[in-house]
Amino acid sequence: MVEKHIENTKRVARNTALLYLRTIVMMLISLFTSRIVLEALGVDNYGINNVVGGVVGMFSIISGSLSGSISRFLTYALGEENKEKLRKVFSMSINIQIFIGIIILILAESCGIWFINQKLNIPSDRLIATHWVFQCSLISFFIALINIPYNACLIAHERMNVFAYMTILDVSLKLLTAYAIFISPFDKLITFAVLNVFVGIIMRIIYGIYCVKNFEECHYERTTFDKKLAKEMTGFAWWGFLGNTAWIFNTQGVNILINMFFGVIYNAARGVAAQIEGAVMGFVGNFMTALNPQITKSYAAGDKDYLFSLICRGTKFAYFLTLLFAIPLWFEAQTVLSIWLVEVPEDSAVFLKLSLICAILTTSAQPLLTAILATGNIRKYEIVTTLIGCLVFPFTYIAYKFGCNIFATYYIYMVVYTFLIWIKILFAKKLIEFKPIYFFNKVVVPCFLTTLIAFICPLTIYLIMPNDIFRLIIITFLSIVWISISTYFIGLTNGEQKFIKEKLLSKLNFARHNQFT
């Protein structure tokens with residue numbers, strides 16, 4: 001069992017390294033693409049694209065819950081080593097996704113168009129282009145929906161190298177799309193939307209070909225139907241639907257509120273901040289993508305000691321990884337945006353700073369959530385967290401209605417999601433016998449102390465140096481070094497320090513061996 005744990009830990013580390021390489025490439029391409037798109041479209045068109053994407057995103061409540069259900073059942077079946085169940089889960093997933101996709105398209109074509117025409121604050125001369133974006137977004141959404149089972153298979157089988165190549169190809173195609181906007185003789189916003197549809201089609205074909213060739217369960221059987229399995233999957237998805245409802249309303253829903261109260265200029269500013277926030281969270285997401293299958297499989301195998309160890313390590317590492325990027329970006333937000341963008345939307349730096357705090361709160365409890373979902377007993381959890389999580393949207397509306405500034409929604413989000421972390425801990429105690437005091441000692445204390453120490457060095461530099469590119473370089477470099485040292489000596493246990501030390505020494509010895517052979 002110990003040898004298996006060691007091998008699993010090595011696999012997580014190897015997969016995480018592959019995903020980080022993927023994310024570095026993706027981040028560079030995505031941020032450069034965003035710069036080009038903003039420059040080509042202009043602030044107004046960029047804001048329209050962001051808010052219309054939010055309208056379509058409202059319908060992804062359903063698809064997001066199904067995605068979680070598919071990933072959970074595929075990974076669980078792998079943990080049980082049940083090949084017959086794997087085949088059924090995959091084919092059932094495709095059937096359910098197609099059915100749900102058709103329902104979403106019908107709802108979107110009726111409710112969505114009405115909402116754009118009657119409620120959104122769109123300049124009259126851009127209304128036709130807005131409808132083009134909406135229709136193309138719906139098509140892209142449907143394609144992505146059908147691709148979810150194939151994507152889930154890659155992750156469940158822990159083929160992170162292939163997953164990395166696929167996503168790098170995806171962002172590379174989107175970069176070509178961004179350049180195509182400049183040479184297009186047609187409306188640039190419409191061109192951008194149509195080309196994104198073609199990118200989605202290409203990726204769907206590539207995913208399908210690879211998965212069919214490499215995973216025997218990916219041979220889709222249209223007639224496959226298992227009433228019991230369908231009930232389990234849709235039941236799991238239904239309760240996940242509630243959780244995704246809160247998330248969508250708190251992100252895309254708030255985008256719509258900002259549009260209604262403040263206009264597309266602020267949608268552009270929030271969209272820019274979201275790009276960088278997404279890049280930062282992508283690093284943490286890679287780690288969780290590599291870790292999640294192990295959490296689900298360890299629960300399926302009944303190995304609770306290893307499960308609890310994964311939860312605490314995963315939470316700490318997710319927090320420290322976010323901190324590594326959040327601190328230098330917090331101090332140098334305006335400088336980074338000025339270098340990155342030709343035209344920086346108003347208040348983008350403030351949006352970015354507040355978004356980074358929200359990102360830390362969002363990612364901190366993801367391993368706990370994965371463990372809770374692995375149990376399959378999520379009805380009460382989803383009801384409670386949805387009721388609390390959804391408070392961000394109505395409280396934001398009330399705050400804006402009473403004249404609060406645009407940033408009020410971030411402060412509301414911080415309070416609500418801090419409370420939700422503790423709700424997750426309490427549910428983990430009930431469902432998997434996870435001890436809150438264990439989490440407090442192993443995670444909260446080292447994270448808090450590390451954060452206090454980590455701020456000292458960049459804050460000192462920020463206060464004594466003038467605001468220029470040289471300060472950005474110094475703060476970025478020293479912050480990464482200082483946070484890494486603080487994390488190693490304060491945030492990690494002796495066992496975790498030993499593991500990292502051994503990995504570094506093995507890499508150095510390997511490099512020396514290659515140098516002299």
Side-chain angles (χ1 to χ4, degrees), residues 1-2 4-20 64-65 67-82 86 89 151-160 163 236 239-240 243 281 283-322 362-378 381-382 385 420-421 423-436 438-439 442-443 447 493 495-496 499:
M1 183 66 75
V2 174
K4 184 178 180 181
H5 290 171
I6 293 172
E7 179 58 34
N8 287 337
T9 302
K10 289 180 178 178
R11 186 184 302 115
V12 171
R14 183 170 59 250
N15 287 337
T16 303
L18 283 168
L19 291 172
Y20 279 145
S65 59
S67 175
S69 177
I70 292 166
S71 296
R72 186 264 177 188
F73 278 87
L74 283 171
T75 308
Y76 200 96
L78 276 171
E80 293 179 316
E81 299 181 354
N82 189 334
L86 265 175
V89 169
N151 189 303
C153 277
L154 277 177
I155 295 173
H157 283 278
E158 300 185 65
R159 297 285 183 91
M160 301 309 172
F163 181 66
F236 187 93
W239 297 116
M281 291 182 69
F283 277 87
V284 182
N286 285 332
F287 174 68
M288 289 310 304
T289 298
L291 186 69
N292 283 342
Q294 288 296 321
I295 291 177
T296 303
K297 289 174 184 177
S298 63
Y299 176 80
D303 192 350
K304 286 193 174 181
D305 289 338
Y306 186 55
L307 173 64
F308 296 161
S309 172
L310 285 173
I311 290 171
C312 289
R313 285 188 203 169
T315 305
K316 280 199 307 182
F317 292 167
Y319 180 87
F320 293 143
L321 287 169
T322 310
T362 303
T363 57
S364 293
Q366 288 304 306
L368 278 168
L369 174 59
T370 303
I372 292 169
L373 294 179
T375 68
N377 184 16
I378 61 172
Y381 167 80
E382 294 294 358
T385 54
L420 280 176
I421 291 174
I423 294 294
K424 287 182 174 73
I425 294 170
L426 294 177
F427 270 96
K429 177 185 178 183
K430 180 180 179 180
L431 295 173
I432 61 174
E433 301 175 350
F434 186 69
K435 295 179 180 179
Y438 181 78
F439 185 85
K442 296 291 185 180
V443 177
C447 285
T493 64
E496 290 161 352
F499 175 77

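Note that the structure is a prediction, hence the values are computed from the model and not measured. Reckoned from all heavy atoms, side chains included, excluding hydrogens, waters and symmetry mates.
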Just verifying a value: how many Å separate [X] [atom1] and [Y] [atom2], rounded to the nearest 0.5 Å?
X    : Y    : atom1 : atom2 : answer
F439 : T315 : CZ    : OG1   : 4.5 Å
L310 : D305 : CG    : CG    : 11.0 Å
I311 : I425 : CD1   : CD1   : 10.5 Å
I372 : I423 : CD1   : CD1   : 10.0 Å
L426 : F434 : CG    : CZ    : 11.5 Å
Y381 : K430 : OH    : NZ    : 13.5 Å

- [ ] Count the heavy atoms of every other residue, nucleotide or ligand shown that sit under 6.0 Å from NZ of K304, and state whether that count exceeds 12.
- [x] yes
Task: Exceeds 12 heavy-atom contacts within 6.0 angstrom, atom NZ of K424 - done: yes
Task: Which atom of C312 lies closest to which atom of Y438, heavy atoms considered - done: SG-CE2, 3.4 Å
Task: Flag, side chain of T375 to backbone of A371, donor-acceptor distance under 3.5 Å - done: no
Task: Heavy-atom donor-acceptor pair, T322 side chain to A318 backbone, under 3.5 Å - done: yes
Task: Side chain to side chain, F317 and P367, heavy atoms closer than 4.5 Å - done: no
Open item on the list: Run the side-chain contact (heavy atoms from CB on, under 4.5 Å) test on Y319 and V443 for me, step by step, so that the C-alpha distance in whole Å, both residues' side-chain angles and the decisive distance to 0.1 Å come before the verdict.
Closed with: CA-CA 9 Å; Y319 180 87; V443 177; over 6 Å; no
